[in-house]
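What's counted below: heavy atoms across the whole structure, side chains too, no hydrogens, waters or symmetry copies.
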Amino acid sequence: MIDLKDWYSSKTIWGALISIVASMLHFAGIDLAAADKSQLVDSVVNIAGALGGLLAIYGRVTAKAAIKSAP
């Protein structure tokens with residue numbers, strides 16, 4: 001695997017987190033269907049990606065120093 005991505009862009013990570021939450025919900029008496037979990041993973045990955053982009057823009061706008069390019 002050569003391509004790199006942020007953790008919040010990983011469907012595997014979000015799928016695992018949602019599975020943990022789904023297990024806790026099941027323990028509490030609330031059940032999620034497999035289709036609901038899949039759709040939830042896609043939605044969470046999209047939202048996390050958007051939030052990551054917004055955070056990057058915010059960080060650049062509020063930065064105190066310019067970005068220096070490599071020589």
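Both Leu17 and Val45 belong to a single network of hydrophobic side chains, linked directly or stepwise wherever heavy atoms of I, L, V, M, F, W or Y lie under 4.5 Å apart.
Residues forming a side-chain hydrogen bond (donor to acceptor under 3.5 Å, both in side chains) with Asn46 (at least two apart in sequence, or on another chain): none. Contacts of Leu25 classified as side-chain contact (heavy atoms from CB on, under 4.5 Å), with partners at least two apart in sequence or in another chain: Val21, Ile30, Leu32.
Here Asp42 contributes atom CG and Ile18 contributes atom CD1; the two are 9.0 Å apart, rounded to the nearest 0.5 Å.
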